[in-house]
Amino acid sequence: MNYWLVKSEPSKYSWDELAKDKKTNWDGVRNYAARIHLRAMQINDRVLFYHSNEGVEIVGIAKVVRTSYPDTSSEQEGWVMVDLAAVKKLKKPVTLSQVKADKRLSEMALIKLSRLSVQPVREEEWEIIMSMAGEK
DNA sequence: GCCAACGTTGGC
DNA sequence: GCCAACGTTGGC
């Protein structure tokens, strides 16, 4: 199983909306690096849900329920989306400043590639974040 | 193929 | 609202 992180501006699509919808198609990704990660996603991979701009924190866990398929929101060929389903809201959200403050997380794409909207998370990083979130 | 100009993302 | 970082575009 692989781990990922996706970003969303809560004013556009928040964790609460995903929790209410149960699942959603993760469309609108128009970045080549992000697309590579979308294509690599497998069913049941775990996905951290991050709120950018507002909150600036990891708020929940989602999972991949459908692997990549053509993004119908794009007029151009080639862009893809996946389907994500809500798994659970974190007991305690993990803020960007907490991630920045932990040396063990200093290699995270969230910090190093701050503009990448779909990014991989290492298993060690996942475990650290889970413990910060009070999930262990 | 280089690089300047420009647009977008996202933290603060 | 500002600005740094970075991706994309387009002229040469």
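Note that these values count all heavy atoms, side chains included, but never hydrogens, waters or copies made by symmetry. Labels below follow one simple rule: chain letters A, B, ... track the order of the sequence lines, proteins then strands, and each chain is numbered from 1.
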CD1 of A/I111 versus C1' of B/dT9: gap in Å, rounded?
17 Å

Stretch residues 50-61 of chain A: residues that reach within less than 4.0 Å of DNA chain B through a heavy atom
A/Y50, A/S52, A/N53, A/V56

Taking CZ from A/R115 and P from C/dT8, how many angstroms apart are they, rounded to a whole number?
9 Å

Qualifying residues under side-chain hydrogen bond (donor to acceptor under 3.5 Å, both in side chains), relative to A/W26, sequence neighbours excluded
none

C/dC6 P sits how many Å from A/K112 NZ, rounded?
11 Å

Rounded to the nearest Å, what distance is computed from the CG atom of residue A/L113 to the P atom of nucleotide C/dA5?
13 Å

May I have the distance from A/L116 (atom CG) to B/dG10 (atom P), rounded to whole angstrom?
9 Å

Yes or no on side chain to side chain donor-acceptor pair (under 3.5 Å) for A/D83 and A/Y69, after CA distance, side-chain angles and deciding distance?
CA-CA 9 Å; A/D83 287 356; A/Y69 59 104; 2.4 Å; yes

Hey, does the side chain of A/T24 reach the backbone of A/L18 with a donor-acceptor pair shorter than 3.5 angstrom?
no

Between A/K100 and B/dC12, is there a side-chain N or O to OP1/OP2 distance below 4.0 Å?
yes

side-chain N/O A/K7 vs B/dT9 OP1/OP2, d < 4.0 Å
no

Is the terminal nitrogen or CZ of A/R46 (NZ for Lys, CZ for Arg) located under 6.0 angstrom from the six-membered ring centre of A/W126 and within 45° of that ring's axis?
no

Given side chains that start at C-beta, do those of A/L90 and A/E135 come closer than 4.5 Å, heavy atoms only?
yes

Given atom CG of A/N31 and atom C1' of B/dG10, what is their separation to the nearest angstrom?
14 Å

Rounding to a whole Å, what distance do you find between A/Y32:OH and C/dC6:C1'?
15 Å

Between A/M1 and A/I129, is there shared hydrophobic-cluster membership here, with clusters defined by ILVMFWY side-chain heavy atoms closer than 4.5 Å?
yes

Rounded to whole angstrom units, what separation is found between the CD atom of A/Q119 and the P atom of C/dC6?
13 Å

